[in-house]
Amino acid sequence: MPIPDYQTLMRPVLQAFANGSTRIQDVLPALVEAHDLTPDEVAERIPSGTMTLLANRAHWARTYMSKAGLLSSPKRGTHLITQKGRLFLERFPDRIDNNVLAESSSFEEWRAGSDPQAKPKTDDAKSRPAALIETPEDRLSSAFDEIQSALVAEVLEAVLTLTPARFERLVVDLLLAMGYGGGDLARGQQTRLSSDGGIDGIVNEDELGLDAVYIQAKRYDPSNKVGRPALNAFVGSLTGEGATKGVFVTTSDFSREAIQYVAKVQHRIVLINGDRLARLMIKHEVGVRARRSLVIRSVDEDYFSDV
């Protein structure tokens, strides 16, 4: 099952502290057992890679409950359940979430200061819509994914405006940016359109040109899929050149027959469709540039260690 959101983890985390745990690390085994998490799920990390997703959500559950006075922290990294916390365990045997924590004025004041959309109203706090179930990291990741998805579409639209020759050059540039040919511009070449023999570009992986990747690039409308005949012709071109490696790139997609055909041939051929092309361009900054960077900071544990 997927890792529960941080609100679902609140009561199990609080119960673990009531059972004697004093650190988040001590709480995690109980959460794994309670929610029957697999080793892969336990190992899943947040986008930054700094901690596991389970630990991150458990930390946020602890943070929110601390703001409501259910937990206290006599020293850094050590947390104890309060009398109020034990009372909440008795009063809410099934679930503790932000709506439950809203009973605490300290929690409402803290949330109002950290989230303008969560400012207390004059009416009963429980009458307003339920709070978001995502942690700040989750919301940031979701926003990033939304921006990334929109950028993929924009990049692909820009690529479709290129001439066939310029598109072929783009594909060579991308492979060089990905590290093929050692990133040396001199090792990437675009073949002549009039006599390319079905090969649009070549990237030499070594200085002497003993090992090369041959490229076919098709700037097609998204509705026009590349079929098996085009791949069959590409394989023939590779054979004629005595080549074993090829990359076939298109702005559209590949038919099922084309994909099945490539899987059976002896040549090593990689297929890159429009979506993957745009994402690779974004990842390796070909045709895109960074407009804004956000830095997420955390406490430097080494600085505060007792050394």
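Remember, it's a predicted structure, so these values are computed and weren't measured experimentally.
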What distance do L89 atom CG and R11 atom CZ have between them, rounded to the nearest 0.5 Å? 5.0 Å
Donor-acceptor contacts under 3.5 Å from residues 261-269 side chains, at least two apart:
from	atom 1	to	atom 2	distance (Å)
Y261	OH	N232	OD1	2.8
H267	NE2	T239	OG1	3.3

Do the side-chain N and O atoms of T38 and D40 include a donor-acceptor pair separated by under 3.5 angstrom? no
Could you give me the CA-CA distance, side-chain angles and deciding distance for L170 and R166, then say whether side chain to side chain contact (heavy atoms under 4.5 Å, CB included) is met? CA-CA 6 Å; L170 180 152; R166 183 65 183 85; 4.1 Å; yes
Under the rule for side chain to side chain contact (heavy atoms under 4.5 Å, CB included), what residues qualify as partners of S255, not counting sequence neighbours? E257, A258
Spacing of CE belonging to M65 relative to CG belonging to L70, to within rounding of 0.5 Å: 6.5 Å
Taking atom CD1 of I3 and atom CD of E44, what is their separation to the nearest 0.5 Å? 5.0 Å
Should R91 and E103 count as an ion pair when the cut-off is N to O under 4.0 Å? yes
Parallel, tilted or perpendicular, judged at 30° and 60°: which one describes the rings of F107 and Y64? tilted
Taken in chain and number order and not counting sequence neighbours, the residues that satisfy salt bridge (Lys or Arg N to Asp or Glu O under 4.0 Å) with K245 are E205, D211
Stepwise side chain to side chain contact (heavy atoms under 4.5 Å, CB included) check, R86 with I81: CA-CA 7 Å; R86 296 186 184 278; I81 188 170; 3.3 Å; yes
Which of these passes side-chain hydrogen bond (donor to acceptor under 3.5 Å, both in side chains) with Y6: D97, N98, T63? N98
With sequence neighbours left out, what residues match D275 under salt bridge (Lys or Arg N to Asp or Glu O under 4.0 Å)? R279
Going by the rule side chain to side chain contact (heavy atoms under 4.5 Å, CB included), which residues pair with I282 if we only count those two or more places apart in sequence or in a different chain? Q148, L151, V152, V155, V288
May I have the step-by-step check of side chain to side chain contact (heavy atoms under 4.5 Å, CB included) for V247 and Y214, ending in yes or no? CA-CA 6 Å; V247 177; Y214 287 72; over 6 Å; no
Would you check, one step at a time, whether the test side chain to side chain contact (heavy atoms under 4.5 Å, CB included) holds for V249 with L271? CA-CA 6 Å; V249 184; L271 304 181; over 6 Å; no
The criterion is side chain to side chain donor-acceptor pair (under 3.5 Å); which residues satisfy it with T251, sequence neighbours excluded? none
For the student: nearest non-hydrogen atoms of D221 and S252, plus distance: O-CB, 3.3 Å
Which residue pairs satisfy the ring pair (Phe, Tyr, Trp, His ring centres under 6.0 Å) criterion with at least one member in residues 230-257, sequence neighbours excluded? F234-F248, F248-F254
Spell out, as yes or no, whether a donor-acceptor pair under 3.5 Å connects the side chain of T250 to the backbone of K218. yes
My understanding is that only residues two or more places apart in sequence, or in another chain, count here; which of them pass salt bridge (Lys or Arg N to Asp or Glu O under 4.0 Å) with R219? none
S72: which residues meet the side chain to side chain contact (heavy atoms under 4.5 Å, CB included) condition with it, sequence neighbours left out? P74, L80, T82
Go through the structure and list residues passing salt bridge (Lys or Arg N to Asp or Glu O under 4.0 Å) with R62, not counting sequence neighbours. none
For A58 against L28, the heavy-atom pair lying closest together: CB-CD2, 4.0 Å
Side-chain heavy atoms under 4.5 angstrom apart, residues restricted to Ile, Leu, Val, Met, Phe, Trp, Tyr: same cluster for I215 and M178? yes
Donor-acceptor pair, R57 side chain versus Q7 backbone, under 3.5 Å? no
Go through the structure and list residues passing side chain to side chain contact (heavy atoms under 4.5 Å, CB included) with S21, not counting sequence neighbours. A16, F17, D26, V27
Partner set under side chain to side chain donor-acceptor pair (under 3.5 Å) for S106, not counting sequence neighbours: S104
